[in-house]
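These notes concern the structure reproduced below.
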Amino acid sequence: MANEVTVPLLPCASIDDMVGFYEVLGFRTTYRQRKPNPYAAMQREDLHLHFFEMAGFDPQQSYGSCLVLTSDIEGLHRAFAAGMRAAYGKVLVSGTPRMTRPRPRKNADGVSGFSVIDPGGNWIRVVDQAAAAPEPTPAGRLAKALANAVVQADSRGDIEQAVRILDSALARTQAGDDPVARVEVLVYRAELAIVLHDPDTATDMLGRVEHVVLGPDESERAATALENATDLAATLRSDP
């Protein structure tokens, strides 16, 4: 048989919180009930997510997760980010809920992906299904360190291990280091500092980005990281 559809059912502590958050991301509520069990169905175009409320549920202990395959990963991320900026004045990068940025995943053959961690602690893992071929293996020590850190933080949620990897790479400078990779590592380290509620380190890393000399071609290659740096600086300004 064909044309089957699988819809994930994910736990949460509050249906109201889930509906409010996913509406920010452009979803609409297609079904909702309070009795006999709190339940909500959310839809954004062909993306369906259902949620059920559990008394005493702790989002920090959630194992809820699902994969979303898309042919326009950058477009979907931009739409989610725009919704967050409109509702919260910034892209949420720390706490729960939050969202990571699209990055190639070493543990997924270099295919790009990002994650939304919703108010229920569920990881909605968005994966690029349009990639015709895996990204090339990262070259250079900084690029390799970044790839390993992304696996730890964005895929496994082990922020501390990712920080150790990046700090070790940044602790020394070697001739031949790619300045674009240095920018990407510094910006990602700043992002993880914000996740860990460490604004001083985040500010320091973003300051170091400004001192990396980039040529025109390198500035183009670093454009995504520099855009992320701008978002992170805005987050730092908006946080109390």
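All values below come from the heavy atoms of this structure, side chains included, with hydrogens, waters and symmetry mates left out. Note that the structure is predicted; figures quoted are calculated from it, not measured.
- For the pair Arg44 (side chain) and Leu25 (backbone), a donor-acceptor distance under 3.5 Å is present.
- We find the CG-SG distance between Leu47 and Cys66 to be 7.5 Å, quoted to the nearest 0.5 Å.
- The two residues Ala229 and Leu206 come nearest to each other via the heavy atoms CB-CD2, 3.9 Å.
- Listed by chain and residue number, nothing satisfies the ring-ring contact (aromatic ring centres under 6.0 Å, His included) test with Tyr188 (two or more places apart in sequence, or in another chain).
- Residue pairs meeting the side chain to side chain donor-acceptor pair (under 3.5 Å) criterion with at least one partner in residues 9-18, sequence neighbours excluded, are Asp16-Arg32.
- Taken to the nearest 0.5 Å, the CD atom of Gln43 stands 4.0 Å off from the NE2 atom of His48.
- By the 4.0 Å N-to-carboxylate-O rule, Asp177 lies too far from Arg172 to be salt-bridged with it.
- By the rule that hydrophobic residues join a cluster once side-chain heavy atoms approach within less than 4.5 Å of another member, Ile124 and Tyr39 end up as members of separate clusters.
- Every residue two or more places apart in sequence or in another chain that forms a side chain to side chain donor-acceptor pair (under 3.5 Å) with Gln161 is listed here: Arg164.
- Taking every heavy atom of both residues into account, Ile73 and Asp128 meet most closely at CD1-N, 3.8 Å.
- Pairs of residues two or more places apart, or lying in two chains, that qualify as salt bridge (charged side-chain N to carboxylate O under 4.0 Å, His left out) and include a residue from residues 45-68 are Arg34-Glu53.
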Under the side chain to side chain contact (heavy atoms under 4.5 Å, CB included) rule, what do Val187 and Leu232 come out as? Steps first, then yes or no, please. CA-CA 8 Å; Val187 172; Leu232 296 176; 3.9 Å; yes
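- Proximity of a side-chain donor or acceptor of Arg85 to a complementary backbone N or O of Val91 within less than 3.5 Å is not detected.
- Contact check for Met18 versus Leu10: no side-chain heavy atoms found under the 4.5 Å cut-off.
- Arg182 contributes no side-chain N or O that, together with a main-chain N or O of Thr173, makes up a donor-acceptor pair within less than 3.5 Å.
- Side-chain contact between Arg98 and Val116 is absent, with no heavy atoms from C-beta onward closer than 4.5 Å.
- Inter-residue side-chain proximity for Thr70 and Gln129 is flagged as unmet; no heavy-atom pair is nearer than 4.5 Å.
- In this structure, OG1 in Thr100 is found 6.0 Å from CD1 in Ile117, a value given to the nearest 0.5 Å.
- The side-chain heavy atoms of Leu146 and Val150, taken from C-beta on, include a pair separated by under 4.5 Å.
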Hey, mind stepping through Phe27 and Phe21 against side chain to side chain contact (heavy atoms under 4.5 Å, CB included) and telling me if it holds? CA-CA 9 Å; Phe27 286 72; Phe21 175 71; over 6 Å; no
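- Not a single donor-acceptor pair under 3.5 Å links the side chain of Arg156 to the backbone N or O of Ala153.
- Phe57 and Ile15 fall into different hydrophobic clusters, where Ile, Leu, Val, Met, Phe, Trp and Tyr residues are linked whenever their side-chain heavy atoms come under 4.5 Å apart, directly or through other members.
- Contact record, Ala169 with Arg141: O-NH1, 2.9 Å, taken as the closest heavy-atom pair.
- Across every non-hydrogen atom of Ser115 and Arg125, the tightest pair is OG-CG, 3.9 Å.
- Taking CD from Glu191 and OG1 from Thr235, the interatomic distance works out to 9.0 Å, rounded to the nearest 0.5 Å.
- To the nearest 0.5 Å, the span separating NE2 on His77 from CG on Asp72 amounts to 12.5 Å.
- Rounding to the nearest 0.5 Å gives a distance of 9.0 Å between OG1 of Thr224 and CG of Asn228.
- Distance alone, capped at 3.5 Å, places no donor-acceptor pair between the Thr29 side chain and the Tyr31 backbone.
- Among residues at least two apart or in separate chains, side chain to side chain donor-acceptor pair (under 3.5 Å) pairs with a member in residues 193-216 are Asp198-Thr201.
- Transitive grouping of hydrophobic side chains (ILVMFWY, heavy atoms separated by less than 4.5 Å) keeps Val151 and Ile159 in distinct clusters.
- With hydrogens and angles left out, the side-chain atoms of Ser112 and Arg103 include no donor and acceptor closer than 3.5 Å.
- Among all heavy-atom pairs drawn from Ser219 and Leu214, the shortest one is OG-CB, 3.5 Å.
- Here the shortest heavy-atom pairing between Val93 and Val195 reads O-CG2, 2.9 Å.
- Looking at Leu142 and Asp178, their side chains never come closer than 4.5 Å, going by heavy atoms from C-beta outward.
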For ring pair (Phe, Tyr, Trp, His ring centres under 6.0 Å), just list the numbers for Phe51 and Tyr22, CA-CA rounded to whole Å, side-chain angles, deciding distance to a tenth of an Å, and then say yes or no. CA-CA 11 Å; Phe51 304 98; Tyr22 279 98; 4.9 Å; yes
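- Criterion: ILVMFWY side-chain heavy atoms under 4.5 Å apart, direct or through other members. Under it, Trp123 and Leu92 are not part of a common hydrophobic cluster.
- Within 6.0 Å of CD on Gln33 lie more than 12 heavy atoms contributed by other residues, nucleotides or ligands.
- Sequence neighbours left out, not one pair with a member in residues 112-121 passes salt bridge (charged side-chain N to carboxylate O under 4.0 Å, His left out).
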Quick one, Met42 with Val19, criterion side chain to side chain contact (heavy atoms under 4.5 Å, CB included). Give me CA distance, side-chain angles, the key distance, then yes/no. CA-CA 7 Å; Met42 307 294 295; Val19 169; 4.0 Å; yes
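- Glu218 contributes a side-chain N or O that, together with a main-chain N or O of Gly215, makes up a donor-acceptor pair within less than 3.5 Å.
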Please determine whether side chain to side chain contact (heavy atoms under 4.5 Å, CB included) holds for the pair Val24 and Tyr88, giving the CA-CA distance in whole Å, both sets of side-chain angles, and the decisive distance to 0.1 Å. CA-CA 9 Å; Val24 164; Tyr88 310 122; 3.7 Å; yes
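- Side-chain contact between His50 and Pro8: absent, with no pair of heavy atoms (C-beta onward) separated by less than 4.5 Å.
- By the 4.0 Å N-to-carboxylate-O rule, Asp231 lies too far from Lys90 to be salt-bridged with it.
- Hydrophobic clustering, with ILVMFWY side chains joined whenever heavy atoms are under 4.5 angstrom apart, keeps Val7 apart from Leu76.
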